[in-house]
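Everything on this sheet refers to the single structure shown next.
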Number of protein chains: 2
Amino acid sequence: MNNPTFRNWQSVQKEVLRRIHAREWPPGELIPNEADLAQEFGCARTTVNRALRSLAESGLLDRRRKAGTRVASQPVARATLDIAIIRADIEDRGQKYGYQLIEREEVIPPISISAAMAVETTQTLLHIRALHLADDVPYALEDRWINIQIVPSAAAESFKTVSANEWLLAHVPYTHGEIAFSANSATQNQSMTLNCPEHSALFTIDRLTWDNDAAVTKVCLLFAPGHQLRTVL
Amino acid sequence: MNNPTFRNWQSVQKEVLRRIHAREWPPGELIPNEADLAQEFGCARTTVNRALRSLAESGLLDRRRKAGTRVASQPVARATLDIAIIRADIEDRGQKYGYQLIEREEVIPPISISAAMAVETTQTLLHIRALHLADDVPYALEDRWINIQIVPSAAAESFKTVSANEWLLAHVPYTHGEIAFSANSATQNQSMTLNCPEHSALFTIDRLTWDNDAAVTKVCLLFAPGHQLRTVL
DNA sequence: CAGTGGTCTAGACCACAGG
DNA sequence: CTGTGGTCTAGACCACTGG
């Protein structure tokens with residue numbers, strides 16, 4: 001049984017993947033415990049643990065103390081998306097980045113915004129609207145609210161040349177956030193700004209960013225028609 | 001220096017996060033090496049490694065041999081999406097799942113499909129169109145192509161009661177895939193099936209699944225207006 | 001070439017939860 | 001209560017890569 005072929009966790013993982021894939025270990029099946037696998041593979045239990053833990057993180061295995069390790073019966077596809085700064089996205093594709101500030105105002109937001117950001121309905125927020133361009137063509141429309149009580153330094157920024165998207169990521173820390181992807185129909189105003197037909201289907205990212213229970217910023221990004229967000233599984 | 005507070009990798013990670021967050025280690029900064037941190041925290045280097053590796057995987061740190069570990073200067077937001085079986089998605093929200101097969105045929109696909117799936121232009125594929133419902137309301141429209149040379153058992157499935165979405169995940173292994181999210185305008189046909197206005201903005205998932213360089217299936221999922229895909233950061 | 005992260009090992013103790 | 005995964009340790013060697 002002592003198989004000298006598996007000397008590192010990657011090779012162990014590869015072999016485990018092979019067995020799952022070949023249905024030697026079918027979905028839902030209990031696989032041998034770490035100690036047994038370590039003996040079979042001729043390596044330390046730590047190494048087996050590393051391989052299996054990694055597979056569990058990607059959703060292929062289901063591990064529970066005492067219950068052991070099972071092949072996931074419904075293999076969830078876990079996609080990892082990297083949401084970068086818009087400028088970086090554009091430049092990575094070799095296009096020229098452009099930026100235009102449309103509006104900047106400090107106002108009391110609609111109830112829907114103050115509620116989502118958990119601020120008093122009477123509190124003033126900084127409202128920014130801006131357009132991102134790729135090779136001089138409209139790329140994305142940014143509509144953002146910033147909590148200037150939490151980020152007072154934002155009040156001094158004009159955001160005329162640096163987008164709020166970029167400035168915030170570089171200057172303001174956050175602890176966690178929520179993000180939602182959806183599709184929205186372009187309003188007349190939006191379609192004019194993005195230079196597309198009215199009612200075009202726009203890929204949309206809504207994002208709410210928190211710093212320890214205080215909302216930092218809420219942003220809605222509307223991408224020009226045709227935009228895709230891609231990743232591998 | 002020997003601080004007895006940090007006994008496990010989670011607490012080490014938490015402290016590192018605190019320092020990043022408090023800008024004690026600003027973006028781009030080189031942080032102490034593992035051995036030094038281990039001494040400071042009073043734990044083994046392995047434990048520090050575990051904490052830092054995990055942060056690097058989530059994009060907060062940038063690690064390179066010899067060069068050391070740096071705080072990411074452009075913290076990429078890395079969102080993890082779980083793409084489950086549609087039925088599971090609906091039932092998890094306490095709704096009743098429904099399924100209707102619209103069309104099932106074995107035909108030679110359009111060039112765009114055969115090219116994407118890297119099959120001969122003359123090869124017949126299984127084409128499935130189906131509707132998923134939540135509480136009897138249209139939820140998503142599935143348009144799928146299956147490579148019956150790779151999955152011959154699919155040719156014997158009627159897909160009248162079990163969706164291809166679910167059947168494939170349970171019966172057909174795959175090694176990797178590509179996924180893309182976008183927004184599309186509903187065609188007249190689509191809008192009738194989904195019972196929504198024509199030209200509605202539909203959230204779209206395109207997915208191509210491979211088994212070792214052979215395409216298994218290509219699917220386009222069009223979700224009814226209002227659908228959101230959510231996750232946390 | 002030398003410093004850094006990447007990994008392996010053997011052994012140990014612990015936390016959790018199934019039976 | 002007991003088996004399983006989760007983790008820590010100390011020490012070691014290795015792989016990569018910056019200077």
Side-chain angles (χ1 to χ4, degrees), chain A residues 1-17 19-20 25 27-73 75-76 78, chain B residues 1-17 19-20 25 27-73 75-76 78:
Chain A
M1 272 308 167
N2 195 304
N3 191 326
T5 310
F6 308 108
R7 314 288 320 324
N8 52 40
W9 73 267
Q10 290 95 335
S11 65
V12 169
Q13 184 177 75
K14 198 173 162 187
E15 170 62 10
V16 170
L17 274 172
R19 293 185 188 184
I20 294 173
W25 291 339
E29 179 118 335
L30 191 63
I31 77 174
N33 67 35
E34 295 187 347
D36 289 349
L37 286 175
Q39 189 178 2
E40 182 194 343
F41 291 148
C43 65
R45 181 166 79 93
T46 318
T47 305
V48 174
N49 180 280
R50 179 81 161 88
L52 298 187
R53 174 166 35 91
S54 164
L55 290 175
E57 279 168 5
S58 61
L60 244 74
L61 293 178
D62 200 11
R63 319 194 76 196
R64 272 147 60 190
R65 285 170 159 120
K66 168 75 182 181
T69 300
R70 289 178 182 281
V71 179
S73 46
V76 180
R78 197 156 291 173
Chain B
M1 274 305 167
N2 195 304
N3 190 328
T5 309
F6 308 107
R7 313 286 286 90
N8 53 40
W9 73 269
Q10 290 94 338
S11 66
V12 169
Q13 185 177 74
K14 198 173 161 187
E15 170 63 10
V16 170
L17 274 172
R19 293 185 187 181
I20 295 174
W25 291 339
E29 178 118 336
L30 191 63
I31 77 174
N33 67 35
E34 295 187 347
D36 290 349
L37 286 176
Q39 190 178 3
E40 183 194 344
F41 292 147
C43 65
R45 181 166 79 92
T46 319
T47 305
V48 174
N49 180 280
R50 178 81 161 87
L52 298 187
R53 175 167 32 92
S54 163
L55 290 175
E57 280 169 4
S58 60
L60 243 74
L61 293 177
D62 202 11
R63 320 194 74 196
R64 270 147 63 190
R65 283 168 159 125
K66 168 77 179 179
T69 300
R70 289 179 182 280
V71 179
S73 47
V76 181
R78 196 156 291 172

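Residue numbering restarts at 1 for every chain, and letters A, B, ... go by the order of the sequence lines. What you see below is based on every heavy atom in this structure, not just the backbone, and it leaves out hydrogens, waters and symmetry mates. Predicted, not measured: the structure shown is a model, and the values here were computed from it.
Across the protein-nucleic acid pair, B/Arg53 atom CZ and C/dT4 atom C1' stand 16 Å apart, rounded to whole Å. As a whole-Å value, the separation of A/Lys66 NZ from C/dG19 P is 7 Å. One interatomic measurement links the two molecules: CG of B/Asp62 to P of C/dT4, which rounds to 16 Å at whole-angstrom precision. The CZ-P distance, from A/Arg50 to C/dG5, rounds to 16 Å in whole Å. Taking atom CG of residue B/Leu30 and atom P of nucleotide C/dG3, one finds them 15 Å apart after rounding to whole Å. The interatomic distance linking A/Arg70 (CZ) with C/dG18 (P) rounds to 11 Å, in whole Å.
At least one donor-acceptor pair under 3.5 Å links the side chain of B/Arg78 to the backbone N or O of B/Glu57.
Nucleic acid contact class of B/Arg45 (heavy atoms, under 4.0 Å, all strands): base.
Exactly one residue among B/Val16, B/Thr69, B/Val71 makes a side chain to side chain contact (heavy atoms under 4.5 Å, CB included) with B/Leu55. That residue is B/Val16.
Taking the charged nitrogens against the carboxylate oxygens, A/Arg63 and A/Glu34 do have a contact shorter than 4.0 Å, which makes a salt bridge. Ion pairing between A/Glu40 and A/Arg19 holds under the 4.0 Å rule for side-chain N and carboxylate O.
When each of B/Ile31 and B/Thr46 is assigned the nucleotide of DNA chain C bearing its nearest heavy atom, the one mapping closer to the 5' terminus is B/Ile31. Comparing A/Trp9 and A/Ala67 by the nucleotide of DNA chain C whose heavy atom lies nearest to each, the residue mapping closer to the 5' end is A/Trp9.
Between B/Leu37 and B/Leu52 the shortest side-chain heavy-atom distance falls below 4.5 Å.
Note that the first and last nucleotides of DNA chain D, 5' to 3', having any atom under 4.0 angstrom from a heavy atom of chain B are D/dT7 to D/dG18.
A/Ala51 approaches A/Trp9 most closely through the heavy-atom pair CB-O, 3.5 Å.
With hydrogens and angles left out, the side chain of A/Arg65 and the base of C/dA15 share a donor-acceptor pair within 3.5 Å.
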